[in-house]
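Just below is one structure, and these are the notes that go with it.
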Amino acid sequence: MEMFSAINDAHRAFIAKQPVFFVATAAAGARVNLSPKGMDSFRVLGPNRVAYLDLGGSGNETQAHLVADGRITIMFCAFDNPALILRLYGTGSFTVAGEPGYDDLAGQFPALAGARQVFDIRVDSVQTSCGWGVPRMTLDRPRDTLVKFHAQQDPDARLAVIAKRTHSIDGLPVRVQTILPAFDPLEGTNGR
């Protein structure tokens, strides 16, 4: 195991190759949340700053936990060779679609249907470890179901559903979006 105070070029190259990453957050008295993320939704913005584009899903635990606690861990692991696990430890904030600053941050990513916020993380430390216990697997292809689901929804109906999701599963408040960002209908759907 090695610890670093910032993301270096080797870390950046490793992150860019990974098709999936994991996000962990927690808040006092609430469940620990651990979520897998995919698509072209993660960016290294500097040696101590990263961001990821978040699409609407079944909950909004990460946002609720960041308001309550602020801590966040991002983990990448290689499913090919060389084996490696890389964790980014830091504190996060978020900008919801329609809020000031959202367009600038979201401009770092493809215009995906279902985008609801961008998480902006200040990285305090980077940890690498061997990853020898992680199985070797091959990526078949990205899954585009979430983007397709959002792209076919009626905007007014989607906003009505979003408006009701004002709390996490543990009752912590969340800020909901009031607009749906424009998206490229072919982005994230493999052109289908």
Side-chain angles (χ1 to χ4, degrees), residues 1-55 57 59-97 99-112 115-137 139 142 168 170 172-175:
M1 177 181 75
E2 289 188 72
M3 295 295 291
F4 304 84
S5 60
I7 299 166
N8 64 33
D9 290 342
H11 300 147
R12 184 186 289 257
F14 175 77
I15 289 167
K17 285 179 50 180
Q18 305 316 308
V20 64
F21 62 99
F22 301 85
V23 177
T25 56
R31 294 166 179 87
V32 173
N33 185 58
L34 177 61
S35 298
K37 303 291 179 182
M39 298 179 275
D40 184 15
S41 62
F42 192 89
R43 296 289 181 272
V44 175
L45 301 178
N48 292 97
R49 186 178 178 210
V50 298
Y52 75 89
L53 181 68
D54 182 57
L55 278 62
N60 203 350
E61 304 310 296
T62 302
Q63 187 201 104
H65 290 175
L66 291 182
V67 170
D69 184 89
R71 295 175 301 148
I72 187 167
T73 299
I74 308 288
M75 185 187 81
F76 297 88
C77 58
F79 296 105
D80 57 1
N81 281 333
L84 183 69
I85 296 171
L86 184 144
R87 291 178 182 89
L88 305 173
Y89 298 100
T91 53
S93 61
F94 59 91
T95 305
V96 175
E99 293 180 348
Y102 174 82
D103 290 340
D104 289 338
L105 279 169
Q108 302 287 323
F109 304 94
L112 297 174
R116 67 176 167 188
Q117 61 201 338
V118 177
F119 289 104
D120 192 350
I121 298 131
R122 183 175 55 82
V123 176
D124 300 322
S125 58
V126 179
Q127 177 199 49
T128 60
S129 57
C130 68
W132 294 340
V134 176
R136 290 187 61 186
M137 295 187 284
L139 176 65
S168 73
D170 290 311
L172 298 171
V174 296
R175 275 197 332 256

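Residue Gln18 holds its CD atom at 9.0 Å from CG of Leu86, rounded to the nearest 0.5 Å. A distance of 4.0 Å separates OG in Ser41 from CZ in Phe21, rounded to the nearest 0.5 Å. With rounding to the nearest 0.5 Å, the separation of CZ in Phe42 from NZ in Lys37 is 12.0 Å. A distance of 5.0 Å separates CD1 of Ile15 from CD1 of Ile7, quoted to the nearest 0.5 Å. Atoms CG and CG, from Leu45 and Leu105 in turn, are 7.0 Å apart once rounded to the nearest 0.5 Å. Interatomic distance, Phe76 CZ to Leu84 CG, rounded to the nearest 0.5 Å: 11.0 Å.
The pair Arg175-Glu99 meets the salt-bridge criterion, with a side-chain N (NZ, NE, NH1 or NH2) lying under 4.0 Å from an Asp/Glu carboxylate O.
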key: side chain to side chain contact (heavy atoms under 4.5 Å, CB included) evaluation trace for Thr128 with Phe4   = CA-CA 8 Å; Thr128 60; Phe4 304 84; 3.6 Å; yes
ask   = Please walk me through it: do Asp54 and Phe94 pass side chain to side chain contact (heavy atoms under 4.5 Å, CB included)?
value = CA-CA 10 Å; Asp54 182 57; Phe94 59 91; over 6 Å; no
query = Between Leu172 and Val67, does a side chain to side chain contact (heavy atoms under 4.5 Å, CB included) hold up when you go through it step by step?
reply = CA-CA 9 Å; Leu172 298 171; Val67 170; over 6 Å; no
inquiry  = Go through it in stages, so that I can follow the logic: the residues are Asn60 and Gln117, the test is side chain to side chain contact (heavy atoms under 4.5 Å, CB included), and I'd like the CA-CA distance, side-chain angles, deciding distance and then a yes or no.
reply    = CA-CA 10 Å; Asn60 203 350; Gln117 61 201 338; 2.9 Å; yes
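The environment of Arg71 atom CZ is sparse: at most 12 non-hydrogen atoms of other residues, nucleotides or ligands sit within 6.0 angstrom. Residue Met1 qualifies as open at atom CE: its count of foreign heavy atoms under 6.0 Å is 12 or below. For Asn81, the CG atom is densely surrounded, since the number of other residues' heavy atoms within 6.0 Å is greater than 12.
At a threshold of 4.5 Å between non-hydrogen side-chain atoms, the residues Thr25 and Asp69 do not count as touching.
Considering only residues two or more places apart in sequence or on other chains, Ser35 meets the side chain to side chain donor-acceptor pair (under 3.5 Å) condition with Asn33.
Nearest approach of Gly92 to Ile72, heavy atoms of both residues: N-CG2, 3.9 Å. Taking every heavy atom of both residues into account, Ala115 and Leu55 meet most closely at N-CG, 3.9 Å. Scanning all heavy atoms of the two residues, the minimum distance from Ala27 to His65 falls at CB-CD2, 3.8 Å. The minimum heavy-atom distance linking Val134 with Ala78 is given by the pair CG1-O, 3.6 Å. Across all their heavy atoms, Ser168 and Glu61 have their closest contact at CB-OE1, 3.2 Å. Contact between Leu53 and Tyr102 at its shortest, heavy atoms only, is CD1-OH, 4.0 Å.
Of the candidates Leu34, Ile74, Thr73, Phe22 forms a side chain to side chain contact (heavy atoms under 4.5 Å, CB included) with just one, namely Leu34.
Judged by distance alone, the side chain of His11 and the main-chain N or O of Asn8 form a donor-acceptor pair under 3.5 Å.
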Only distances under 3.5 Å count here; give the side-chain donor-acceptor pairs of residues 118-127 to other protein atoms, sequence neighbours excluded, each with its distance to 0.1 Å.
residue, atom, partner, partner atom, Å
Asp120, OD1, Arg49, NE, 2.9
Asp120, OD2, Arg49, NE, 3.4
Asp120, OD2, Arg49, NH2, 2.8
Arg122, NH1, Asp124, OD1, 2.6
Arg122, NH2, Thr91, OG1, 3.3
Gln127, OE1, Arg87, NH1, 3.0
Gln127, OE1, Tyr89, OH, 3.1

